[in-house]
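Okay, structure first, notes after.
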Amino acid sequence: MAALAQSSGVSDRSDGNIRIRVARKVFPAVGARVDQVVLRDVAFEVEPRSFLVMTGPSGCGKSTLLNIIAGLDRDFDGDIDLGPGRDRLTYIFQSPRLLPWRTVEENIALALPDGDPRHGKIAEMLDRVGLSPSANAYPERLSLGMQRRVALARGFILEPAILLMDEPFVSLDDPTAHSLRQLLMDLWRQHPTTVIFVTHDRAEAVQLGTRILRLAPGQASVIQDVRVELSPAERADKSAVAAEQARIFQPA
Amino acid sequence: MAPVLTQISSIPRVSNASSGWSKTLERLGWTLGSLLAFVALWHVTAIVLQNKYLPTPVAVFDVLLREAASGDLWHHIGATLARVAVAFVVSMFIGSAIGLALGTFRRADRFFDTWLILFLNLPALVTITLCYIWFGLSEAAAVTAVALNKIPNVAVNMREGARSLSRDLAEMAAVYKFGWWKTLRHVTLPQLAPFFAGSARSGLALVWKIVLVVEAFGRSSGVGYRLNIAFQEFDVTTILAYALGFIIIVQIIEFTILQPLQARVNAWRR
Ligand SMILES: Nc1ncnc2c1ncn2[C@@H]1O[C@H](COP(=O)(O)OP(=O)(O)O)[C@@H](O)[C@H]1O
Ligand SMILES: [Mg+2]
């Protein structure tokens, strides 16, 4: 993996790429548990407006890596350069993380600065994620799937330059997940954004990503970094997705 | 009078408007029925025993009305209420500040935890007598004594609240650039509200009782003072009349201020 870290470390700094280099991330010992090295030598760059999907087995450190990229976790060896979009980063967490004491609409509105013109777009966004009837409901009265859609609406309304997403469609029923993936693709094509998307669903990875990074279990490091060679039309075609999935995830 | 108080305050809180009027009426019916039964039992016992230290409810109501008409009742209850209000606000404020600080800063908590336990276990009578001895028989000493009894309670409660603040939501607020004011108002305070409401309710119950003791010891107004005089005259009727008046006022405050407040704070819950 050192080779990969080097090869991605040489490009010049004016390309607007996001540069991620985590030499080591350790969770310190708690009680009987010893120090746990979660990430080691994870280094890659993300080109502007690309859709990078990270996959890897559960517990390999994907959420930890996103937390580091988002700047929530600064306790690691390495450095993160988010490039010009650093101030317009949005993170859609693995759990919805809504404020239970604020309505759906208020939860979305709170993500926008006061007096922002985008407040006028909340209704439209609610409509796109199919939540107009629940605009005034409190999140705990909604199903998990609906809460996830609120979280997506809250992230999308900001029209971010960098969008981090941590398994946002997990535990949704198929039609909902499908329509939300479609929504994400539409939004991404309308507002080309740099996306770093985490999932362990390989079909989803192939369908959405322009590039896939596979992380190894254990002390996660990058084991594969491939481009997804699918046109937008092919992405809607199940068999094309399956063929590309077979190509990318072939047994070593 | 104790059974009446428990009966009324143990009514489950209603936060859901859809549970409807019929339920409210039914509850009211039970409360009223049990109250009437209590008064009837008291009356019969008083008639049978014919003891001057157990007056009938009718006699007690008479005294209550007489004291109300003369203005004495309002004077004393007003003085007590004022002390309760000041002591309550002061102890909620200081107790919250201490509790939040301890819940946030591990070191401070480790160090001051012992002090907190010390003050929690200090008998009310000790703080009251010491305050009067050290600061004189003044209003300030009285209120300080009450607040000192209540502050450790509030602090423990609010410390629990601060410890339970969600890290997930704090991270969310950071990513979505809430800033400190939005975070405080929409993320932090709503999480602390149940702890605050809890300490407010239990706090008021405690403050009421301690204020009476403080008044009996070293004030010349208030329900506690009046009860102490009546005690010296073995005037049970007046004692019961004031106790009754007091309970009614406390319950009115509970129903018109505290419960609606709590219902509002909890409106978002499932
Ligand atoms: N705050 C933490 N403290 C200690 N260990 C943690 C913490 N967060 C995650 N871990 C551990 O780090 C590893 C990676 O976790 P995570 O990044 O959530 O994995 P993934 O998102 O890939 O499923 C897991 O073994 C997990 O137990
Ligand atoms: Mg995860």
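For clarity, every value in this text was computed on a predicted model and none was experimentally measured. Below, chains carry the letters A, B, ... as their sequence lines are ordered, and counting in each starts from 1.
- Taking T90(A), D114(A), N67(A) one by one and counting their heavy-atom pairs under 4.5 Å with chain B, the maximum is reached by T90(A).
- Residues N17(A) and E47(A) share a closest heavy-atom pair of OD1-CA, 3.4 Å.
- The two residues I108(A) and A153(A) have their closest heavy-atom pair at CD1-CB, 3.7 Å.
- At a 4.5 Å heavy-atom cutoff, L164(A) makes no contact with chain B through either its backbone or its side chain.
- Heavy atoms closer than 4.5 Å to chain B are found in the backbone of P113(A), but not in its side chain.
- At least one donor-acceptor pair closer than 3.5 Å links the side chain of K177(B) to the backbone N or O of D87(A).
- Checking side-chain atoms of R154(A) against main-chain N and O of P96(A) turns up a donor-acceptor pair under 3.5 Å.
- Only the side chain of L72(A) comes within contact range of chain B, judged by heavy atoms closer than 4.5 Å.
- Checking side-chain atoms of T183(B) against main-chain N and O of F178(B) turns up no donor-acceptor pair under 3.5 Å.
- Heavy-atom distances place the side chain of F93(A), and not its backbone, under 4.5 Å from chain B.
- The backbone N or O of G83(A) lies less than 3.5 Å from a partner atom in the side chain of R86(A), making a donor-acceptor pair.
- Only the side chain of R102(A) comes within contact range of chain B, judged by heavy atoms closer than 4.5 Å.
- Comparing Y138(A), W101(A), Y91(A) by how many heavy-atom pairs each has under 4.5 Å with chain B, the most go to W101(A).
- For T103(A), no part sits under 4.5 Å from any heavy atom of chain B, backbone or side chain.
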